[in-house]
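Numbered from 1 within each chain, the chains take letters A, B, ... in sequence-line order.
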Protein chains: 2
Amino acid sequence: MTAEPPVPATSSTAGEPAQRRRRDAAETRQLLLDAARQRFARDGYAATTVRDIADDAGVNVALISRYFTSKEGLFEACLRAAGDELRRTTGQTPADRVPEAIARHIADLGAAGLSSQLSLLLRSSGDARADEIRRGVLVRSSEQLAAARGWRPGEPGSEQLLLRAQMALAAGIGVAVLRSSIRLEPLSSATEEDLVGPLRDLVDALLPPH
Amino acid sequence: MTAEPPVPATSSTAGEPAQRRRRDAAETRQLLLDAARQRFARDGYAATTVRDIADDAGVNVALISRYFTSKEGLFEACLRAAGDELRRTTGQTPADRVPEAIARHIADLGAAGLSSQLSLLLRSSGDARADEIRRGVLVRSSEQLAAARGWRPGEPGSEQLLLRAQMALAAGIGVAVLRSSIRLEPLSSATEEDLVGPLRDLVDALLPPH
DNA sequence: CCAGCAAGTAAACATATGTTGACTTCCCGG
DNA sequence: CCGGGAAGTCAACATATGTTTACTTGCTGG
């Protein structure tokens with residue numbers, strides 16, 4: 001929508017080309033993925049145009065169709081990456097360190113954009129297939145989180161635990177969005193240290209260590 | 001995007017016209033507002049077309065421009081309505097009943113759509129002006145919530161409280177979206193009673209009654 | 001060194017979408 | 001009963017957007 005100057009991916013001063021190989025399909029693919037993740041997380045799926053993404057990545061629009069079939073395919077690739085990242089966090093983290101892990105994700109506002117990846121999971125898509133993938137990512141993540149606190153599939157009375165895990169996940173994502181996409185102050189300027197305390201309170205309240 | 005049959009706003013059986021006056025600007029305006037709120041909340045701003053909204057409301061597209069100037073104007077009207085609703089809740093509610101009030105909002109999945117109005121505040125817009133309004137709504141709501149727990153503007157050391165109020169708000173909205181828009185199970189099927197316990201834990205953990 | 005092929009580009013296309021202006025239909029006060 | 005104005009409709013327009021096709025560029029293996 002807004003027309004920013006494209007990010008050239010290399011320094012635009014004519015001096016040093018910063019070793020970006022000029023023809024490298026893998027790197028170009030990754031540039032597109034990174035640009036897309038940021039745009040989708042910030043503006044949502046429908047509001048992001050493929051030309052925006054291509055300009056950010058500094059490559060030609062047609063390459064999106066070539067490497068990802070379509071805009072929808074690119075979005076799916078972004079969702080998968082975010083899902084892997086999120087599951088890595090809620091998975092191989094000791095149960096009592098989960099709040100810190102979540103806090104770290106939310107606090108990271110850098111271009112790397114772990115927070116962006118979280119936002120990606122809440123922003124609207126208006127696309128049925130993308131919604132399905134997103135739901136799958138969230139289900140698996142919440143089950144992993146619940147399992148860390150003693151949930152076992154089908155076990156009677158532990159449905160409560162899964163519900164609470166999903167609420168904790170929702171809370172974390174909600175904070176991430178208000179912080180990184182909507183930029184609500186003072187939440188947006190809070191440091192990781194500012195966040196980790198309240199987040200610990202929040203997670204512990206929903207999922208008491210068993 | 002998907003082509004549903006239009007909701008005729010009156011029974012389509014020829015028998016009884018259900019007393020919908022045939023020309024009533026105020027009612028038509030309201031029909032548009034209701035249809036827009038639902039669409040915007042479910043699909044997001046950019047993914048919703050004015051033709052979708054008009055069809056849902058059973059009126060002509062051109063009336064959107066007439067009554068709300070533009071699609072953006074209609075979205076603003078929806079945001080204002082949601083903001084009023086939310087502020088009514090976080091405002092004139094005794095501090096210790098806030099979790100129940102939030103729970104009631106989140107639990108309401110009906111077409112009336114209080115939950116929709118919450119979702120509206122997180123779904124992406126890709127529109128600068130709408131984002132500004134949304135931010136304003138969220139700021140005022142979180143300040144009202146924080147004030148109920150003892151926050152006073154500018155008071156030293158109470159910034160923490162505002163931060164925590166914003167996180168509580170974010171958590172509530174996150175739950176509303178995962179529940180009503182993304183339809184994550186079992187969160188989506190949970191009853192109001194299922195939600196109020198965890199929500200009370202959540203709000204109390206973030207904002208201890210002072 | 002150079003043929004061939006992958007990587008990248010540019011332009012065009014078909015369509016969807018927000019908005020507008022001219023036109024028609026209905027209601028109501030005189 | 002009727003004329004005027006409000007409420008509603010229709011069709012067109014300008015533009016933005018996803019995708020494709022034909023083309024150019026540069027690298028590399030033989």
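- In this view, A/Arg66 satisfies the salt bridge (charged side-chain N to carboxylate O under 4.0 Å, His left out) rule with no residue, not counting sequence neighbours.
- In this structure a side-chain-to-backbone donor-acceptor pair under 3.5 Å is present from B/Arg183 to B/Ser180.
- By the 30° and 60° cut-offs, the orientation of the rings of A/Tyr45 relative to A/Phe75 is tilted.
- A/Thr48 places a side-chain N or O within donor-acceptor distance of the main-chain N or O of A/Gly44, the cut-off being under 3.5 Å.
- Of the candidate nucleotides C/dT19, D/dT20, D/dG8, C/dT19 has the atom nearest to the side chain of B/Ser70.
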| query | Is there a side-chain contact (heavy atoms from CB on, under 4.5 Å) between A/Asp52 and A/Asp43 once you walk through the steps? | reply | CA-CA 11 Å; A/Asp52 287 339; A/Asp43 302 334; 5.6 Å; no
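- Regarding contacts with the backbone of D/dG8, a side-chain N or O of B/Tyr67 is found under 4.0 angstrom from either OP1 or OP2.
- In this entry the distance linking OH of B/Tyr45 with P of C/dT17 reads 13 Å, nearest Å.
- Between the side chain of B/Lys71 and the backbone N or O of B/Ile64 there is no donor-acceptor pair closer than 3.5 Å.
- One atom, CG of B/Asp55, and another, P of D/dC10, lie 12 Å apart when rounded to the nearest Å.
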Which atom pairs link the protein and nucleotides 23-25 of chain C when you take only N or O atoms and keep those under 3.5 Å?
residue	atom	partner	partner atom	Å
C/dT25	O2	B/Arg23	NH1	2.8
C/dT25	O2	B/Arg23	NH2	2.7

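- A sub-4.0 Å separation between OP1 or OP2 of C/dG8 and a side-chain N or O of A/Thr28 is present.
- For the pair A/Leu32 CG and D/dG18 P, the interatomic distance rounds to 14 Å; values are reported in whole Å.
- Residues B/Ala26 and B/Arg51 both approach DNA chain D. Their nearest nucleotides, taken by heavy-atom distance, put B/Ala26 toward the 5′ side.
- Within the 4.0 angstrom heavy-atom criterion, only backbone atoms of the sugar-phosphate kind lie near B/Ala25; the bases stay farther away.
- Counting to the nearest Å, the P atom of D/dA16 and the NZ atom of B/Lys71 are 14 Å from each other.
- Rounded to whole Å, atom P of D/dT17 lies 16 Å from atom CG of A/Leu74.
- Atom CD1 in A/Ile64 sits about 14 Å away from atom C1' in C/dT9, given to the nearest Å.
- Checked by atom type, the side-chain pair B/Gln38/B/Asp34 shows no donor-acceptor distance below 3.5 Å.
- One atom, CZ of B/Arg39, and another, P of C/dT17, lie 11 Å apart when rounded to the nearest Å.
- The CG-P distance, from B/Asn60 to D/dA6, rounds to 19 Å in whole Å.
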